[in-house]
Enquirer: 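What follows is a single structure, and I will ask about it in a moment.
Order of the sequence lines sets the chain letters (A, B, ...), proteins ahead of strands, with each chain counted from 1.
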Protein chains: 2
Amino acid sequence: MRNSVKASATRKKLLDAGLKLISKRGYLGATTKDIAKKAGVAELTLFRHFSSKELLFQEIINSYTFLPALKGLLPEIKELEYREALLMIADKFLSRLYERRDLIRIMQSEMHLYPSKVKDIYQDFIGGVYQTLASYFRELQGSRGMLRDFDPEYGARAFLGMFFSYFSVHELMFRKDAMPLEEGKLKTEYVDIFIKGTMR
Amino acid sequence: MRNSVKASATRKKLLDAGLKLISKRGYLGATTKDIAKKAGVAELTLFRHFSSKELLFQEIINSYTFLPALKGLLPEIKELEYREALLMIADKFLSRLYERRDLIRIMQSEMHLYPSKVKDIYQDFIGGVYQTLASYFRELQGSRGMLRDFDPEYGARAFLGMFFSYFSVHELMFRKDAMPLEEGKLKTEYVDIFIKGTMR
DNA sequence: AAATGATGTTAGTGCTTACTTACTCTAGCA
DNA sequence: TGCTAGAGTAAGTAAGCACTAACATCATTT
């Protein structure tokens, strides 16, 4: 019986092991032997599930897509205070990055392998967040006149950029190093700067 | 005669070719054969100059260090208007990143090979910029009372983070794609948000 | 009880890689 | 003119890689 419970469990173990090893050592540095070992199966089993290493890699990238980050959140956010809304967005955004840190690391270091695929994933994720945030800003500028007249696209990039670069440096590069940055304080400091910087 | 003109020219060609190829394909993906070919010399010549591929890699990382980015700039900046100062800092910071984009890409994707070395380089560069910027903020908060009472360390990270993530996404990830972001506008929008966000 | 589907074990193939050996060529300097 | 430093050419080595072939084991299903 194709796709039995056992088979798809093995499959998942291989995808997990592949994701972790490739994110740690890169596509070339993660050998099929090691991936199989990490998954707790024989190397041959890897090839029985994925006919080549490259195919395994593509399925890893495909299967671990991003959940929609903020898209449906816009109505909910509109009900909040500006400050609470920004804090919530920062929170959700960082959580999504953490959840997918292995995949993001792969995208950053192996993007020359499948540039267009990586770009698609990126657009789905970050692009969606940009849009949501930008249209939130536009709303607060227009009907309510609460925010000053900055470009909402650039504003969204500025806001998310602060958090993305924090994530990039501390989570992707120096995860294990003790860096004395307290994330709660970081969020409020960043949000405060941004609030003052964008309000009328 | 060791270190003749010819020899050190060849050496430099190899370092340059290695930097470019490794930044493009990764350490494992850039073969000694291809590096030599790109440098326009025989593969054997590579091994006569650097006894192993790993040693070549280490010398690449060592030789292409960052120039001090802002360190000596503090006195000069203090004479400027706040807005002009921030624009200048953004400018210099982005220029340094552009100058060293190949090395930064290598640091990001191969940092698992020599984490401590990469960390040192990072500290020398970004760390120095943080300090300079943070002490500039502290100055404007204290003696002149011009800026409000935000944490200067976090402020520096927020400011540089906006620009680093722009660089990271557009220069490291999607260099070749047409992305309709105009850098001049980006700088002024970001700086404006930050100015309003930090002034008393 | 027999068939089947999923995995394991072992031994291998052909290819590529970093790196070596041995020898030749050439330009510049003593 | 001859020596030498630096580079080239060609052939090869040992190891590691993705991937395969042949056969065995075992649980589940029929």
Enquirer: Closest approach of A:L46 and A:A36, non-hydrogen atoms and distance?
Expert: CD1-N, 4.3 Å
Enquirer: Can you tell me how far P of C:dT16 sits from CG of A:L28, to the nearest Å?
Expert: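 Answer to the nearest Å: 14 Å.
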Enquirer: Here's a test of your reading of the structure: between A:S51 and B:T45, which maps to the more 5' nucleotide of DNA chain D?
Expert: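 Between the two, 5'-proximity favours B:T45.
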Enquirer: What is the distance, to the nearest angstrom, from the NZ atom on A:K37 to the P atom on D:dG16?
Expert: 14 Å
Enquirer: Side-chain N or O of B:S4 less than 4.0 angstrom from OP1 or OP2 on D:dG6?
Expert: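 Answer is yes, contact under 4.0 Å.
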Enquirer: Rounded to 10°, tell me the angle between the two end axes of the helix from C:dA1-D:dT30 to C:dA30-D:dT1, each built from five pairs.
Expert: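 About 0°, once rounded to a multiple of 10°.
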Enquirer: State whether A:H49 places a side-chain N or O below 4.0 Å from either non-bridging phosphate oxygen (OP1 or OP2) of C:dA6.
Expert: no
Enquirer: Judged by each residue's nearest nucleotide on DNA chain C, which is more toward the 5′ side, A:T10 or B:F47?
Expert: A:T10
Enquirer: Can you build the contact string for nucleotides 22-28 of chain D? Use B for base contact, S for sugar-phosphate-only contact, and - for no protein heavy atom under 4.0 Å.
Expert: B------
Enquirer: For A:G29, which contact category applies under a 4.0 Å heavy-atom criterion: base, sugar-phosphate, or nothing?
Expert: nothing
Enquirer: State plainly whether the residues B:K20 and B:D16 are in salt-bridge range, i.e. N to O under 4.0 Å.
Expert: no
Enquirer: Round to the nearest Å and state the distance from B:R25 atom CZ to C:dT17 atom C1'.
Expert: 14 Å
Enquirer: In whole Å, what is the span from the CD atom of A:E43 to the C1' atom of C:dG8?
Expert: 13 Å
Enquirer: Any chain of hydrophobic side-chain contacts (each under 4.5 Å) joining A:L19 to A:L55?
Expert: no
Enquirer: In whole angstrom, what separates A:K33's NZ from C:dG12's C1'?
Expert: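 It works out to 13 Å between those atoms.
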Enquirer: Under 4.0 Å from OP1 or OP2 of C:dA18: is there any side-chain N or O of B:T32 that close?
Expert: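 It does, given that an N or O in the side chain of B:T32 lies less than 4.0 Å from OP1 or OP2 of C:dA18.
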Enquirer: Does any pair with a residue in residues 183-200 of chain A pass salt bridge (Lys or Arg N to Asp or Glu O under 4.0 Å), and if so which ones, sequence neighbours excluded?
Expert: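 Listed once each, the pairs are A:R83-A:D192, A:D91-A:K187, A:E183-A:K187, A:K185-B:D151.
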Enquirer: Is the A:F194-A:F137 ring centre distance short of 6.0 angstrom?
Expert: yes
Enquirer: Kindly state whether the ring of A:F163 and the ring of A:F167 have centres lying under 6.0 angstrom apart.
Expert: no
Enquirer: If I take atom CG in residue A:L55 and atom P in nucleotide D:dC19, what distance separates them, rounded to the nearest angstrom?
Expert: 10 Å
Enquirer: Mind listing the closest non-hydrogen atom pair of B:P75 and B:G72 along with its distance?
Expert: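 Where B:P75 meets B:G72 most closely, the heavy atoms are CD-O, 3.4 Å.
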Enquirer: If I compare all heavy atoms of B:S63 with all of B:L15, which pair ends up nearest, and what's the gap?
Expert: OG-CD1, 4.2 Å
Enquirer: Name all pairs fulfilling the ring pair (Phe, Tyr, Trp, His ring centres under 6.0 Å) condition that reach into residues 68-87 of chain B, sequence neighbours left out, sorted by first residue then second.
Expert: none
Enquirer: Rounded to whole Å, please give me the gap between CD in B:E54 and C1' in C:dA18.
Expert: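 These atoms are roughly 12 Å apart.
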Enquirer: Look at all strands and tell whether B:A36 reaches a base, only sugar-phosphate, or nothing, counting heavy atoms closer than 4.0 Å.
Expert: nothing
Enquirer: Please, which pairs that meet side-chain hydrogen bond (donor to acceptor under 3.5 Å, both in side chains) have at least one residue in residues 46-57 of chain A, sequence neighbours excluded?
Expert: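 Residue pairs with at least one partner in residues 46-57 of chain A: A:E54-A:Y114.
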Enquirer: Mind calculating the distance between CZ (B:F50) and P (C:dA18) to the nearest angstrom?
Expert: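 So the CZ-P distance, B:F50 to C:dA18, works out to 15 Å.
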Enquirer: Considering only heavy atoms, which members of residues 13-22 of chain B lie under 4.0 Å from some atom of DNA chain C?
Expert: none
Enquirer: Shared ILVMFWY cluster between B:L44 and B:F50, side chains joined below 4.5 angstrom?
Expert: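 They do not share one cluster, since no chain of ILVMFWY contacts under 4.5 Å joins B:L44 to B:F50.
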Enquirer: Locate the shortest heavy-atom distance separating B:I22 from B:I106; write the atom from each residue and the value.
Expert: CG2-CD1, 3.8 Å
